[in-house]
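Numbered from 1 within each chain, the chains take letters A, B, ... in sequence-line order.
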There are 2 protein chains.
Amino acid sequence: MVATAKNDSDVFAAIGHPARRFILDLLAEGDRSVKVIAGHFRMSRPAVSQHLRVLLDAGLVTEQRHGRERRYHFVPEQLGPVRDWIGQYERFWDDRLRRLQKKLSSGNKE
Amino acid sequence: MVATAKNDSDVFAAIGHPARRFILDLLAEGDRSVKVIAGHFRMSRPAVSQHLRVLLDAGLVTEQRHGRERRYHFVPEQLGPVRDWIGQYERFWDDRLRRLQKKLSSGNKE
DNA sequence: AGTATAGGTAAGCAATAGCTTACCAGTCAA
DNA sequence: TTGACTGGTAAGCTATTGCTTACCTATACT
């Protein structure tokens, strides 16, 4: 049993804020302490802590203590619901692409 | 020049609300009038109108008037930023999957 | 013309989000 | 043990979100 968000909505809502997406982008490069994360923002450290809390609640990150710091760790699997929801529409892209190609290859008279 | 959201954040924020994702799911099946869309919700019609407005502003839907009704139309291309952002992490899934397979095929002693 | 239908907009509201400053506890180093 | 450092939490504020009801316009129907 893995720690998960209460529901998928939390994940969608969590990535709704640009600062939180940026935090995930940072963590994708490797685990980071709060201090290092906060160093990339102009907002206060507590504000960053609060964003981390949202990500934690959504299960998108985990934390591990190392001495007096806490390293946050990205859990990409938790993006699954978003991935799935988006994936559902892949065929739209494909369909349109196919139609476009067909159009282009058939004379391209406009 | 296609009508687009002012910025990508609008798209992420727009899909942050479950009702709006559901509306997009509905519209993916075909264009729908406001009345039909609202019929799937318990909230008032104006509330639905407001959600449609958010989707419109994000460029995720378009509207076309047909007599006294307005048909809303899904524009999946506008999900591009989300798709791209998520796509960035596909390798994580792949990497972990690969690691897991390797582990499983090498004795599976735990 | 008169009435019904579709749907947007305004006003008002309660709840939530996002931020700040102030404060606290735990860890480390002198 | 005294001080510096990391980082969470509380309180308080403002702006935004999500909803409601009331109202308006435009189209259609008879």
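One interatomic measurement links the two molecules: CG of A:Asp31 to C1' of D:dT6, which rounds to 17 Å at whole-angstrom precision. Atom CD1 in B:Ile23 sits roughly 13 Å away from atom C1' in D:dG18 (whole-Å rounding). D:dA26 atom P lies 10 Å from atom CZ of B:Arg65, rounded to whole Å. The interatomic distance linking A:Glu63 (CD) with D:dT9 (C1') rounds to 13 Å, in whole Å. Distance B:Leu52 CG to D:dG18 P: 13 Å, rounded to the nearest Å. Counting to the nearest Å, the P atom of D:dC19 and the CZ atom of B:Arg53 are 17 Å from each other. Rounded to whole Å, the distance from CZ on B:Arg70 to P on D:dA28 is 13 Å. The interatomic distance linking A:Ile15 (CD1) with C:dA17 (C1') rounds to 17 Å, in whole Å.
Proximity of A:Trp85 to B:Asp25: side-chain heavy atoms (C-beta onward) are separated by under 4.5 Å at one or more points. Within the 4.5 Å cutoff, side-chain heavy atoms of A:Glu90 are placed close to those of B:Arg83. The shortest distance between side-chain heavy atoms of B:Val61 and B:Val75 does not fall below 4.5 Å.
Distances shown here put a side-chain N or O of B:Ser49 below 4.0 Å from the OP1 or OP2 atom of C:dG8. Contact between the side-chain N/O atoms of B:Tyr72 and the OP1/OP2 oxygens of C:dG8 is found at a separation under 4.0 Å.
Interatomic distance, A:Thr62 OG1 to A:Asp31 CG, rounded to the nearest 0.5 Å: 7.0 Å. One finds the CG atom of A:Leu60 at 11.5 Å from the CG atom of A:Leu52 (value rounded to the nearest 0.5 Å).
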**Message:** Can you build the contact string for nucleotides 18-23 of chain C? Use B for base contact, S for sugar-phosphate-only contact, and - for no protein heavy atom under 4.0 Å.
**Reply:** SBBBB-
**Complete:** Given protein heavy atoms under 4.0 Å, the one-letter contact record of nucleotides 25-30 of chain C, with B base, S sugar-phosphate only and - none, is simply --BS--
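Ring to ring, A:Phe12 and B:Phe12 are not that close: their centroids are 6.0 angstrom or more apart.
Relative ring orientation between B:His17 and B:His51 is described as tilted, the plane-to-plane angle lying within the 30° to 60° band.
Distance alone, capped at 3.5 Å, is enough to place a donor-acceptor pair between the A:Arg20 side chain and the A:Ala14 backbone. Distance alone, capped at 3.5 Å, is enough to place a donor-acceptor pair between the A:Arg21 side chain and the A:Ile15 backbone.
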